[in-house]
Structure formats: structure tokens, C-alpha cells
Amino acid sequence: MVEPRADNKLKFQEPKKARKMAQALARALGEIGRAPVSVMHVCGSHEQAIAKYGLRAVFPRALNVIMGPGCPVCVTDLPEVDEAVALAMQGVRISTYGDMLRVPGTAKSLADAQADGARIDVVYSVGQAVELARKSRDEHVFFASGFETTAVATAAVLLANPPANFSVLSAHKYIPPVMEIVAEMPDTRVEGFLAAGHAATITGWGIFERFVERHRLPVVVAGFEPLDIFAGLLKLVELIRDGRPEVANTYPRCVTREGNRRAQEVLWKVFQSTGGRWRGIAHVPNGNLRLRDHFAAFDARRRFKIDLAKLWDYAPPSLAQVCICGEIMAGTAAPTGCPLFGRECVPENPVGACMVSTEGTCRIWHQYGGHLNLGDSR
Amino acid sequence: MCLGVPGRVVAVDGSVATVDFWGVKRAVRLDVVDEPVEPGDYILNHVGFAIRRIPPDDIEKTLALYDELLSVVAEDDLMAADVRGEIDAAEDKKRG
Ligand code: SF4
């Protein structure tokens with residue numbers, strides 16, 4: 001077991017308050033009277049905060065906090081990376097967020113393609129990608145990843161008269177449907193969800209009401225400060241204890257019931273949700289965001305003939321078959337359960353997507369030291 | 001990539017605001033924020049777009065959190081890297 005790095009432990013404001021909340025958590029868990037109680041968060045920033053501050057060491061043993069599919073880079077499916085790589089190899093200029101560069105595709109990553117001479121730019125914002133296109137005559141494709149929060153930005157630039165040589169290869173994903181999938185997985189024992197504060201800034205917490213009704217599982221929207229996370233977990237455990245499947249919002253300073261209506265309008269004007277695979281998890285109905293027909297001219301999939309066949313001259317990296325990212329994101333394994341973790345697979349030389357992204361569980365655990373909180377309490 | 005970062009609006013020019021993030025001024029787009037934004041307001045920036053106007057009551061707490069995130073951290077800290085990335089995501093106005 002990798003221990004949390006001591007210097008990260010509880011290095012935040014008001015550790016006393018956190019300990020008090022941990023005690024309250026333990027009390028509520030005691031009242032439930034069985035262990036473990038498993039809850040899942042679906043947010044890379046939650047995992048970052050939990051790992052960074054060593055919170056797993058403070059969580060009561062009876063509480064099992066699982067990281068779900070909350071890292072958009074990690075759930076980008078191999079064929080999506082393949083499409084970007086194929087386009088890059090066809091001479092189209094690609095721009096994308098930094099994390100996407102090293103995500104392995106079936107044959108190679110964008111970074112590999114770059115090493116082979118493809119022209120790829122890392123941008124922090126889709127706005128920069130548009131500017132690059134404006135200054136050039138070449139075809140520019142923005143390889144777009146991220147959940148609804150990021151998709152809103154992509155949608156906004158498409159509504160603001162982008163240049164004709166600009167298009168989007170969308171790997172955007174939509175979080176609410178994947179929670180349904182995880183809730184229905186036969187081997188998940190998840191009894192409640194901690195939802196990501198910032199995605200809910202856009203969608204509003206009301207979006208979880210139908211989920212709660214259907215699955216009879218509580219959902220709590222939480223911020224990502226240590227105390228926010230404690231407050232969210234406490235509320236969640238209380239709802240589980242009381243048998244009350246409800247939505248609660250412990251992050252009212254950012255999230256309202258309706259969310260950001262204008263952003264939702266922008267999002268759905270440009271995108272529609274369709275079914276698609278999330279890497280390692282499953283086919284998720286309505287889990288992918290794709291451009292509507294009206295924006296076909298800006299849809300790289302419709303604008304180009306993407307020549308995937310060319311890619312298969314390369315042998316797929318064999319180590320990748322050992323990668324258990326999928327099980328980790330479905331909550332049935334921890335990074336330390338992967339034989340490659342910290343050995344063949346490290347941030348400088350990642351085998352799986354979870355080791356690439358700053359929000360990937362393996363990368364986070366490798367950086368901060370994880371605490372194996374799966375299986376040891378059963 | 002899911003972390004929004006707060007900044008103070010210095011000026012508004014149509015659908016673009018100049019926003020101060022810890023002394024760094026960047027242009028942030030206002031296409032999707034659902035409330036009118038004025039100089040002096042705080043917004044949450046996500047990949048170069050304001051996604052929320054932060055209610056005045058919450059500004060202090062929100063800023064304290066980010067102060068802390070940016071101050072205690074080593075160069076290789078993932079959360080701090082994401083925060084810096086978010087600040088960089090707002091385009092430099094000179095370029096834009
Ligand atoms: S350590 Fe690497 S190979 Fe193993 S599950 Fe994580 S990303 Fe995949």
C-alpha cells in the first residue's frame with residue numbers, strides 16, 4: 001500500500017474542523033451499523049483534493065470513497081484518439097488541451113504523431129484554437145475533450161462566427177448518463193454519489209432529481225475544498241442512513257437548482273447527446289456530445305474523410321492490454337491493483353489514460369501517494 | 001480541467017472582459033455567463049469563459065481557497081497546475 005505523503009496531510013485551513021467533521025461522519029456511519037458504506041464521486045478535482053490533502057487517511061474506515069469516471073481525458077475512447085491521430089497524419093493541423101497529447105490511441109498518441117512530424121498545438125482554451133485558425137490558411141481541427149463545462153466553451157465559439165477553416169472533432173462527454181450506467185453495474189456497491197460542483201454550475205442540481213427518482217440513490221453536489229468534501233460526504237452518509245434518496249446541494253455558493261440557463265442554451269444549440277463508448281467503462285447512452293446537423297460544416301467527422309485504415313500498420317502497444325483504468329473508473333479496482341502502476345506506467349511514460357491526465361486517478365495517486373481504501377475494510 | 005478560477009473584472013468590452021487573476025490580466029469571454037457582469041464583479045473562469053458571476057457574499061471564501069491552493073504548493077502540484085492552466089486559458093488580450 002502506498003501511504004499518503006506526510007507533507008500533504010491536512011495541510012489546509014482549519015484541520016480541526018475537518019477532524020470534527022470526520023468524527024461526525026464516523027458517528028453517522030456507526031448509526032448505519034454496517035461496513036463498508038461505498039460512495040462514488042465523479043470529479044477529477046475531487047480526487048485531486050482528496051489525494052493532495054491526504055483525506056483518505058482521515059476518512060472513517062467504514063467509508064469507502066470511490067473515484068468514478070470523473071476524468072474526461074481518461075474516458076476518451078481509443079477510436080476518438082485514433083480519429084485525431086489519423087487527421088494529424090493526413091496533414092490537418094490539430095489543436096487540443098495539453099492532457100490529450102499523450103493519451104494513448106489504439107496505435108499511437110498525438111504526441112507520437114507529433115514526433116512523426118504532424119502539426120499539433122496545445123491550447124488552454126478553444127478560443128486560442130480559433131485564433132490559430134484565423135491566422136492561417138490551413139485546415140485547423142480542435143480536438144475537443146471535457147465534460148459539459150468545457151463543451152459549453154466549444155459551443156460558444158461555434159456560435160461566434162468561427163473562420164471557415166476551423167472545425168471541431170468532438171470527444172465531449174456528458175456526465176449525468178454515466179451515473180446511470182455505474183448505478184446499474186451488477187458489481188457496483190455504490191450507495192450514493194458526490195456530484196461535481198463545477199459541472200453542476202452549468203447543469204444545475206435539478207438535473208439529478210430524475211436520477212434519484214429512478215435509482216433511489218442520494219446525490220450530493222459538493223465543492224472541492226477539503227471542508228466542502230467533508231460536508232458533502234457527511235450529508236451523503238446522513239441521507240443513506242436515513243434511507244432518503246434525495247438531491248442535496250452543499251455547494252450553494254456556486255450551484256443553483258436551475259444552473260446556468262444561458263450556458264445550457266448555448267450547449268444544446270450546438271450539441272446533441274448520442275450514445276457512445278467511454279473508455280474502459282461501457283457504451284453510455286446519451287453520454288457523448290456530438291455536433292448537430294446545423295453545424296455539419298464545422299464537424300471534422302463530416303468535413304474530412306478520416307483515414308483510420310492507415311493507422312493499423314502500427315502494432316498496438318501490448319502493455320496497454322494490462323491497463324485496468326476501466327475497472328478503476330467503474331470503482332471496482334484501485335491503481336495499486338494494477339501490476340504496471342509506478343513501474344512500467346509512470347507519468348513520464350504512461351501506459352493508460354488514467355496516468356496521463358492531471359485528473360486521472362493513477363496520475364493523482366502516483367503524485368500524491370494513494371491510500372488503498374478499497375477492499376481493506378471488507 | 002474542471003476547476004474554475006475566480007478573477008476580478010477590470011473592464012468590459014462587449015462580450016469580452018478584462019479580468020485580473022492575482023495580478024495577471026487576461027481577456028475572458030462573456031458569451032455564456034447568465035448575469036450582467038460589470039467592472040468590480042468577480043467571475044469564475046473556465047477555459048477562457050466566464051461560467052458564473054460569483055455572488056458578492058461568497059467572494060472572500062472563494063478567493064481564500066484559491067490563495068491557499070496557489071501558495072502552499074510545489075511546482076509539480078496537480079491542482080495548482082490546473083489552476084495556472086485555467087488562468088492561462090483566458091487569452092492574453094494583446095493576442096486576441
Ligand atoms: S497504472 Fe497505468 S496501466 Fe495501470 S491502470 Fe493505471 S493507467 Fe492503466
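Labels below follow one simple rule: chain letters A, B, ... track the order of the sequence lines, proteins then strands, and each chain is numbered from 1.
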| said: Show, in sequence, the C-alpha distance, side-chain angles and deciding distance for A:T256 and B:R52, and conclude whether the side chain to side chain contact (heavy atoms under 4.5 Å, CB included) test is met. | reply: CA-CA 11 Å; A:T256 60; B:R52 182 169 162 79; 4.2 Å; yes

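- The salt bridge (Lys or Arg N to Asp or Glu O under 4.0 Å) search around B:D34 returns none, not counting sequence neighbours.
- Between A:S125 and B:G48 the shortest heavy-atom distance is OG-CA, 4.1 Å.
- Put simply, the side chain of B:I51 reaches to within 4.5 Å of the side chain of A:I202, judged on heavy atoms.
- Heavy atoms closer than 4.5 Å to chain B are found in both the backbone and the side chain of A:V157.
- Partners of A:R134 according to the side-chain hydrogen bond (donor to acceptor under 3.5 Å, both in side chains) rule, which considers only residues two or more places apart in sequence or in another chain, do not exist here.
- Taking OG1 of A:T149 as the start and CZ of B:F49 as the end, the distance is 13.0 Å to the nearest 0.5 Å.
- When every heavy atom of A:A160 is checked against every heavy atom of B:R29, the shortest pair comes out as CB-NH2, 3.4 Å.
- Contact of A:A49 with chain B is made through backbone and side chain together, with heavy-atom distances under 4.5 Å.
- Heavy atoms closer than 4.5 Å to chain A are found in the side chain of B:L44, but not in its backbone.
- Neither the backbone nor the side chain of A:T154 comes within less than 4.5 Å of any heavy atom in chain B.
- For a residue to count as touching a neighbouring chain, one of its non-hydrogen atoms must lie under 4.5 Å from one of that chain's; by this rule A:A153 touches chain B with backbone and side chain alike.
- In this structure a side-chain-to-backbone donor-acceptor pair under 3.5 Å is present from A:R262 to B:V33.
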